[in-house]
Every structure is written in structure tokens, then in C-alpha cells.
Amino acid sequence: MADKKIRVRFAPSPTGGLHLGGVRTALFNYLFAKKHGGTFVLRIEDTDQGRYVKGAEEYILNCLAWCGISPDEGPHNQGEFGPYRQSERKARYLSYAKKLVQLGYAYYAFDTTEELDLMREKFKSSTNPSPQYNALTRAEMKNSLTLSEDEVTKNIESGIPYVIRIKIPSAENIVLNDMIRGEVIFNSDEVDDKVLLKADGMPTYHLAVVVDDYEMQISHAFRGEEWLPSAPVHILLWEYLGWKNQMPQWAHFPLILKPDGKGKLSKRDGDRLGFPVYAMDWTDPKSGEITKGFKEMGFLPQAFINLLALLGWNDGTSQEIFELTELAEKFSIDRIHKGGAKFDFEKAKWFNGEWIKKSSANDLLPLVKKILETNNIYSSEEKIVALIPLVKDRCQLLNDFYTQLAYFFQDPQEIDLSAIKAKWDESKSIFLKGWIEELKSTSEWTSIKLEDSFKQAIASTQLKPGELQLPLRIMLVGGKFGPPVFEIASLIGKDSTIRRIEHSLTLLN
RNA sequence: GGCCCGUUGGUCAAUCGGUUAAGACGCCUCCCUUUCACGGAGGAAUGAGGGGUUCGACUCCCCUACGGGCUACCA
């Protein structure tokens, strides 16, 4: 076992957008694989044809690629353990389910939905509001344990729908050894006879996960904490199928929680509180509704995985900024927390700001260019790349580059005159008009020269430089932000500078 | 209701029996800056409660409280 090759998997269901928690699960799997020179497998768990959403698989791949954590093996890069979509593995599950029946560890059940509801109604009490299909109730149901062999065969042959359920033993302790939580003990009496094979012939998660983890030789099975209660079913299955000594090591990750209230983070929380929950934009193929993703919100993939990695894990030092390769070196399962972490969008933005500061102008160029272009600003790469260092410290999200850069390319659409008006008087207008005249004849248009000229001109008046520098900024950029004013003036050029000042002057009259 | 998991500032968190209980985000003050940021210096703010064990508990054990997950022919 110790020399077993490290193989881990990320096994999402293609049912919609890829949740932040899902990306973190994928990331932790990836990091573990990289750290130990193992293989990171992608398996598509598409056994629920009712919830299957077209395009979701492709989308998941794209999200992983954007994050830089593409799988080593999966439906799009087949290894020797394919197929990697559960829907394409259907026949295998059936044969294992039948084997379990033969062995007496599972049984056929013919109960209809109505009959199940009836049973639950019948056994419902104040002390037991949700009765289970288990040792107590299965004796009263229609299954191969209560029916004669003939009846069972007849039922199956005549096409009556059936499921196969696991027969949970009574009064047994089932022990899970979790890499994060240690020993967790379940009493089998609390576990119900879970459906293994559905009436449509598809396996449920419970059967599929153990069959596939076995066949794909998964060495470590990591998943979210929401799976902890069903772990005993899986452990039993490993045992009943005779694979107990090949069972992977388990670890259940803590959940990512809502920032405010309680409960795990959902897409709705993002909509409600104004931040993304999905990795990338997700368009629902039925409704056409678009749900915002981190990518489109202006996150750098490096920042996104960095923030995710630090949600429930840290390396024990106070370091917070890590790149992927460094994470892969330092990652370890035993430094993962047990408790869930509330998601804090403010901190997420801080991570992104740090990564923007860390990135070079050249790295940022294509992204910034694209943002400008979606806002109808087209410019040369030379110009953009020169401008980026001036403003990148002021940007937390990539989209901030638009506001920070737009006035270099076009006159501000809105000018915050209210900030000027309060202390405005005629003497200031007169000064600026005079200064503009001076500028018109200036041949050397540099920020140093402009600043000199401005200060000299103002020295001959009663005004102080500070009284006019802010108004000048607002006239040029539209608001109180951006790099030093004279630098801006030098970059936008003489015509624009003069035009913008004149325009504001007329507005002030 | 039952079962399981969890609980250090508002949030992310270090500590693995002995510390003035780190650090970060956010917030506040100041410096730098005649803008906004960045940067720098400070500040407020934490061991859920109660019992044990121990010379000594945030750290180990028990109880309580609180929070979460699960309780589908969904994953």
C-alpha cells in the first residue's frame, strides 16, 4: 500500500456552473498529486440524466484550464483507465451490483415512489420524522428479501422496474480513518439501505464512486465534508466487493460557508451579496441566464487559486501569497482545517490586488487591452503597456483598469464639478485662462516642464498651487483619482489638456 | 427528531501543555502624497460556557450551548 502510486480524482457532476468549493476540491487534489508526483484524474459523474446539463463538462474543463490545474487524465485526455464519464461505464456497475446481490450484500427492491412515501408516512413519528429504508422497515417492503425467488424472477422478467439496494448489517461499528478528522465511528443501525442501482440502470453516486475509485486505482479519495455521513456505505461496499485492502485513504474537506448567515455558500449568496461564486461566467442553456464568474469579474487565475488555497489551509507561516508551483511544494493534507471557512469577498479582492501589483505590465497587457476594447477603447499595445505601471497599484480588479485608464484615451464623460464649485471664484478662471494661453506656445510638453510652468504662473498671483491642482485634476480626469496631474497632462497631450480645461471652464460659468 | 462534523478578534488564521495569544483582510489614527491608491508607523478587537486532568491549559477529557452537514431511485 505504501508504494502504491498516487492517483487522485476530481469528480464533478456536469449540472451547471463550477462552484468555488468545487474548484478548491479540484485544487487540493491537484496539489496533492503534484506534490507526490502522482496523477490527477478528472471523472465526470453524469449518472443523473435528469440534472445533466449540456455544455457543463466542457465548461468545467475550461475552468480548470483557466486555473492552471488541468487534469492528467480525463475524458479529453484518455489514460488507461477510461472511459472517464460514468454514463459510459454503465454496464460495469450493473455487474457489480448483481455480484453484491449474489453475495447477499444487496437485494432487489420493487417499491414504487408512492409505496416509499407510504412507508415513510406510516413510520413517521415525532421521534423519527424521516424513517429510513433499513433493517426495521425492509421486511415490510417489496423486495427480494420478502418476496419468493419465483416472484422476484417473475417481476424482473416482466419488466417491473427495480432498484438494487445495499443490505446494511445491524449493530456493527463502521470505522472511517480520515486523514483530516481522524477516526470517525458510525453505527450501522443509523445507516439506511441506500439505492446502489437506479431503476434506469444507472448507478447512484454510492456505487459509482467505489467502483470507479477501485477500477481507476485511486489512492486517495478527497471530497467535501457533505459526504462524511455516507462514508460508511462506501466503506462497506469496498469490503463487500472484496477490495478492502485497496481502499483509498479518505479525507473530507471543510465546507466554504456563507459570509453572513449560516450554511454553505451557494450561487444565490453571490447573487444576493454581489460577488461571484462560479469560477467563470456560466450561461444556463435553458434560461439563457448568465451567472458571473471570478474570471469575468476581473480576477487573475493566480489570485483565484491563491485565495482558494488559503481557505481552509495554510503552510504554518504568515505567508499568504503563493503561486501554484509553490503551493504544490508546500501543500499537505494535515494542515487542512477541520472547521468550515466563511468566504470573505473583501479579502478575495485584496489577494487579486496583490497579484496585480506583482504582475508585470507585459503580463497584464493582453488582459487590460481586452478590458479597454470591451469598453470601445482601441489603442496600441505600446501605449497601454506604458500606462499600466502608472495605475496598477490602484487596481484591485482587472476591470478597474478601465476607470483608471479611460481618461488617457478620451475626454471624461462625467466631471465631478461639485468638488470644484464649492471654492470656485473668478480669479481661478482668470488664472487658468492665462495659463492655457501660455501652454499654447509651449513646445516642450513634459510633466516636469508643465509643473514648472504651472508653479511659475501661479506664483505671480495670490493663489496657492494646491488650490488649483485638484481642480485641474478633476478637469482632466473627471474625478479625484489617478496618477500625478502633470504626468497625465503630459501623456494626453497639449490639445486634449487645453480642450478639457476650456470645457470645464465653460461648465463652471 | 436522529446521526456525524465543527467552535481562537467582524472575517481568514498561527499556536501542536508553559507566548505580553502571531500575522493578514476590514475598520480607525497618523506619516508620505496639494488627488486616489501604493508604502510606512500605530490603534481598537479573540480562546462559546461550565466542569475536570495537570505544578501549569486556547491546546487533553467530559457536559452544555451554538453553528454546520446528512437524513432522495441528487451528487
Side-chain angles (χ1 to χ4, degrees), chain A residues 11-15 45-48 50-51 109 111-113 116 120 124-133 161-165 176 178 180-181 184-187 189-192 194-206 208-209 223-232 252 254-255 257-264 307 310-321 337-351 353-354 357 391-396 400 404 419 464-474 477 479-485 488:
Chain A
S13 294
T15 54
E45 309 222 327
D46 55 350
T47 56
D48 186 351
R51 293 207 307 154
D111 315 281
T112 62
T113 317
L116 288 170
R120 291 188 182 110
K124 198 167 165 178
S125 68
S126 57
T127 53
N128 183 12
S130 45
Q132 300 187 311
Y133 204 117
Y162 67 87
V163 300
I164 291 178
R165 308 187 88 112
L176 163 73
D178 189 281
I180 296 171
R181 285 150 218 285
V184 183
I185 301 170
F186 302 86
N187 187 312
D189 291 334
E190 315 289 352
V191 184
D192 64 338
K194 284 267 182 292
V195 170
L196 263 22
L197 199 82
K198 301 186 264 189
D200 64 2
M202 281 289 197
T204 59
Y205 172 83
H206 307 295
V209 73
R223 55 192 355 179
E225 191 186 347
E226 70 268 29
W227 290 108
L228 207 43
S230 54
H252 291 84
L255 266 14
L257 276 11
K258 300 176 197 289
D260 57 352
K262 340 280 193 184
K264 58 176 172 176
L307 95 244
L310 273 278
L311 225 42
W313 175 87
N314 69 80
D315 77 338
T317 73
S318 57
Q319 182 178 348
E320 292 193 280
I321 303 299
H337 284 203
K338 294 185 172 83
K342 286 188 185 135
F343 180 69
D344 180 5
F345 190 53
E346 291 305 316
K347 183 94 187 217
K349 283 192 290 190
W350 173 81
F351 272 108
E354 290 301 303
K357 272 185 267 171
V391 300
K392 68 173 187 163
D393 283 358
R394 291 161 234 263
C395 297
Q396 270 199 321
D400 294 339
Q404 289 292 341
K464 292 195 182 79
E467 288 181 273
L468 237 21
Q469 204 156 312
L470 180 64
L472 182 56
R473 160 181 300 282
I474 291 169
V477 321
K480 293 192 234 180
F481 58 91
V485 226
I488 294 170

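To find a chain, count down the sequence lines: A is the first, B the second, and so on, and within it residues start at 1.
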Given the [atom1] atoms of [N] and [M], what is the spacing between them in whole Å?
N	M	atom1	result
B/C3	B/C63	P	13 Å
B/G49	B/A22	C1'	26 Å
B/C66	B/C60	C1'	22 Å
B/G2	B/C61	P	24 Å
B/U59	B/G51	P	14 Å
B/A21	B/U46	C1'	8 Å
B/A24	B/C62	P	36 Å
B/G43	B/A37	P	23 Å

Donor-acceptor pair present, A/Lys194 side chain and B/A72 base, under 3.5 Å: no

If I take atom [atom1] in residue [X] and atom [atom2] in nucleotide [N], what distance separates them, rounded to the nearest angstrom?
X	N	atom1	atom2	answer
A/Asn314	B/C16	CG	C1'	13 Å
A/Gln396	B/C25	CD	P	11 Å
A/Glu320	B/A24	CD	P	8 Å
A/Glu225	B/G6	CD	C1'	7 Å
A/Glu346	B/U11	CD	P	15 Å
A/Lys338	B/C5	NZ	C1'	10 Å
A/Ile185	B/C5	CD1	P	9 Å
A/Asp260	B/G10	CG	P	16 Å

A/Lys198 side chain near B/A75 phosphate (N/O to OP1/OP2, under 4.0 Å): yes

Complementary nucleotide for B/G1 - Watson-Crick or wobble, under 3.5 Å: B/U71

Any-strand Watson-Crick or G-U partner of B/U53, both distances under 3.5 Å: none

[X] side chain, from C-beta outward: closest of [options]:
X	options	answer
A/Leu228	B/C4, B/C70, B/A75	B/C4
A/Glu190	B/C3, B/A13, B/A24	B/C3
A/His337	B/U35, B/G10, B/A13	B/A13
A/Arg394	B/G69, B/A22, B/U35	B/U35
A/Leu255	B/A24, B/A13, B/G69	B/G69

Position toward the 5' end of RNA chain B (nearest nucleotide), A/Asn128 or A/Gly479: A/Asn128

Parallel, tilted or perpendicular: rings of A/Trp227 and A/His206 (30°, 60°): perpendicular

Short N-O contact, [X] and [Y], less than 4.0 angstrom:
X	Y	answer
A/Lys194	A/Asp192	yes
A/Glu354	A/Lys349	no
A/Asp344	A/Lys347	no

A/Phe481 six-ring centre to A/Arg394 NZ/CZ under 6.0 Å and within 45° of normal: no

Single hit among A/Glu226, A/Arg181, A/Lys338, A/Arg223 for side chain to side chain donor-acceptor pair (under 3.5 Å) with A/His252: A/Arg223

